[in-house]
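See structure below.
Chain A is the first sequence line, chain B the second, and so forth, proteins listed ahead of strands; every chain is numbered from 1. Small disclaimer: the values here were computed from a predicted structure and weren't measured.
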2 protein chains.
Amino acid sequence: MVVFNRRMSNADRHGLIAKVVRDAGGATVQELAELTGASEMTIRRDLDTLAAQGVLERVRGGARTLLLRGEEPPFALRAHEAVEAKRRIAAEICALVTDGESVLLDSGTTCLEVARLLRERPVTLMPLSLQAIHLVAETPGPATLVVPGGQPRASEGALAGPLTLASLAALRFDTAVIGCCGLTAADGLTAYDLDDAAVKKAGIASARRVVAAADGSKLGHTAYAWVGPAALVQTLVTDTDAAAEEVTALEAGGTVVRTV
Amino acid sequence: MVVFNRRMSNADRHGLIAKVVRDAGGATVQELAELTGASEMTIRRDLDTLAAQGVLERVRGGARTLLLRGEEPPFALRAHEAVEAKRRIAAEICALVTDGESVLLDSGTTCLEVARLLRERPVTLMPLSLQAIHLVAETPGPATLVVPGGQPRASEGALAGPLTLASLAALRFDTAVIGCCGLTAADGLTAYDLDDAAVKKAGIASARRVVAAADGSKLGHTAYAWVGPAALVQTLVTDTDAAAEEVTALEAGGTVVRTV
DNA sequence: CGTAACGAACATTTTTCATGTTTGAAAGTC
DNA sequence: GACTTTCAAACATGAAAAATGTTCGTTACG
């Protein structure tokens with residue numbers, strides 16, 4: 001493994017620690033200090049920070065990964081990954097949205113990037129995560145913000161529950177931007193969480209057009225809560241990591257696939 | 001007027017500028033520079049910042065106050081005022097709340113302080129402003145957060161509209177903490193905004209107990225949107241600035257008044 | 001046309017933040 | 001119970017960021 005001469009930035013080091021702990025399942029403070037070139041004290045502080053963010057679990061002498069089971073990786077952890085691909089996907093989705101539309105925006109890291117772009121556009125925006133709501137609310141822009149009710153779930157603040165479903169039932173959107181936890185031609189659209197699946201289902205039912213965002217790792221993957229058949233998705237935006245055979249299968253089902 | 005030897009902090013200077021402009025109705029860049037001991041360029045930057053926050057209006061050569069009419073003072077402006085009294089009122093309201101209760105929290109600066117305290121308590125919390133929602137969401141604590149739907153109004157992010165009313169209609173709270181724009185024994189509870197008044201009305205209707213927060217300046221004042229009679233308020237928490245005769249009149253109407 | 005005000009660009013100062021070191025306490029190990 | 005490792009608080013240091021001041025060309029207003 002490379003030893004870094006230059007001092008690495010705070011965020012880089014956090015990302016590296018997160019990656020090492022995730023890949024190896026755990027790491028000691030010493031190992032991480034040697035790897036990053038930082039002092040053990042700094043590593044301890046980093047681990048405390050990352051543990052507070054829910055990226056990993058602190059144990060005496062080091063840290064352990066949290067995702068030993070088939071759960072959804074914590075939001076804070078995913079936020080480090082594949083930022084570039086997410087940005088490209090988000091930009092492409094924005095290009096699909098026309099000014100003046102009403103847009104429903106699912107939770108998830110990719111959709112957060114979409115929110116970052118869409119808040120500069122004259123559209124009506126209903127984001128399904130607190131993070132996106134905060135992002136849009138804190139920067140006064142041309143976008144009109146509508147907040148759905150609900151109870152925030154987990155660290156990313158995805159809204160769900162009866163209030164969310166009621167809010168969706170009361171509205172109709174031109175476009176629903178749905179983040180995928182899993183999407184295959186055979187198993188359709190799936191989510192990691194039953195409540196989240198119910199919200200996606202309701203969101204899709206309230207929208208004239210459904211645009212799904214899925215980076216390559218999500219395509220061909222099936223999570224456990226079923227949302228609906230792949231045919232619900234009119235347009236899928238994915239990246240070049242997407243498996244070609246899965247893309248072909250989805251296109252055969254009538255979905256327009258845009259690879260960026 | 002005192003000339004400050006020491007360089008004053010950014011926030012202090014902003015507060016002083018806001019106060020001077022508000023009290024005098026306006027001020028020139030020169031005056032403010034002399035008053036604060038800062039350069040004119042800094043004052044210009046301050047004025048731009050404050051204007052962007054909606055605290056004052058920028059004019060060539062200086063700034064003017066925004067509140068020449070009977071409107072609600074901008075949130076950003078009110079945020080500077082009477083912080084101590086608001087904190088005391090908020091603390092008293094928290095003392096009135098029992099662990100495990102479900103609490104509806106109105107918008108406004110005082111209620112924001114209540115949110116800051118209640119997020120450390122095991123209660124179910126539904127705040128009616130984005131600022132309070134963000135405050136509770138960003139600090140994981142024992143409190144359970146429930147987000148109402150709605151459209152954020154103005155700079156403080158007070159939620160209102162049909163979605164908000166629907167969310168309130170679907171729930172029942174042990175306690176509603178209502179911020180007052182105006183409260184008198186004769187005219188009852190009033191708000192600055194019709195939509196906001198409708199939300200307050202719905203919130204009160206959904207709560208078993210209504211606790212109103214009103215600093216002394218709100219008591220005896222009547223805003224223009226009527227919410228309901230003063231008798232709707234079971235408990236009023238106010239500060240020592242409250243006019244004695246108004247307090248007496250409210251108590252005669254059955255409201256318990258706590259002065260802190 | 002002239003003056004005052006403005007704002008962009010740069011220089012300087014101040015503040016904040018991240019990091020490292022030390023040290024004593026706490027937790028685990030034998 | 002003695003020893004070692006880990007931890008975290010306290011302080012020092014250095015770097016990054018922010019705030020502020022200065023200069024100067026441009027713009028608005030009389």
Counting only side-chain nitrogens and oxygens, does A:Arg13 get under 4.0 Å of the OP1 or OP2 atom of C:dT19? yes
Which of these nucleotides, C:dA4, D:dA19, C:dT21, is closest to any side-chain atom of A:Arg45? C:dT21
Please determine whether a side-chain nitrogen of the Lys or Arg among B:Asp48 and B:Arg44 lies less than 4.0 Å from a carboxylate oxygen of the Asp or Glu. no
Closest to the A:Met41 side chain, choosing from D:dA8, D:dT20, C:dC6: D:dA8
Does CZ belonging to A:Arg58 count more than 12 external heavy atoms closer than 6.0 Å? yes
Kindly say if B:Gln30 contacts the phosphate of C:dA4, meaning a side-chain N or O under 4.0 Å from OP1 or OP2. no
Starting from C1' on D:dG21, measure out to CZ on B:Arg44 and report it in whole angstrom. 12 Å
What integer distance in Å separates B:Glu40:CD from D:dC24:C1'? 15 Å
Of the listed nucleotides (C:dG20, D:dG21, D:dC7), which one gets closest to any side-chain atom of B:Ala38? D:dG21
Looking at the side chain of B:Asp46, which of D:dT20, C:dT19, C:dC6 is the nearest nucleotide? D:dT20
Below 4.0 angstrom from OP1 or OP2 of C:dT19, is there any side-chain N or O of A:Ser39? no
Among C:dG7, D:dT20, C:dA26, the nucleotide that comes nearest once only the side chain of A:Arg60 is considered: C:dA26
Salt-bridge test for B:Asp195 and B:Arg153: reply yes if a basic N is under 4.0 Å from a carboxylate O, no otherwise. yes
In this structure, how many angstroms lie between the P atom of D:dT6 and the CG atom of A:Leu32, rounded? 13 Å
Would you kindly give the CD-to-C1' distance between A:Glu31 and D:dT5, to the nearest whole Å? 15 Å
Does the pair A:Arg88/A:Glu92 count as a salt bridge with the N-to-O cut at 4.0 Å? no
Out of C:dA5, D:dA8, C:dA18, which has the shortest distance to the side chain of A:Arg58? D:dA8
Can you check the A:Ile43 CD1 to C:dG20 P distance for me, whole Å? 8 Å
Heavy-atom closest pair (B:Lys200 atom, B:Gly179 atom, distance to 0.1 Å) is NZ-O, 3.1 Å
Integer-rounded Å distance: C:dC17 P and A:Asn10 CG: 12 Å
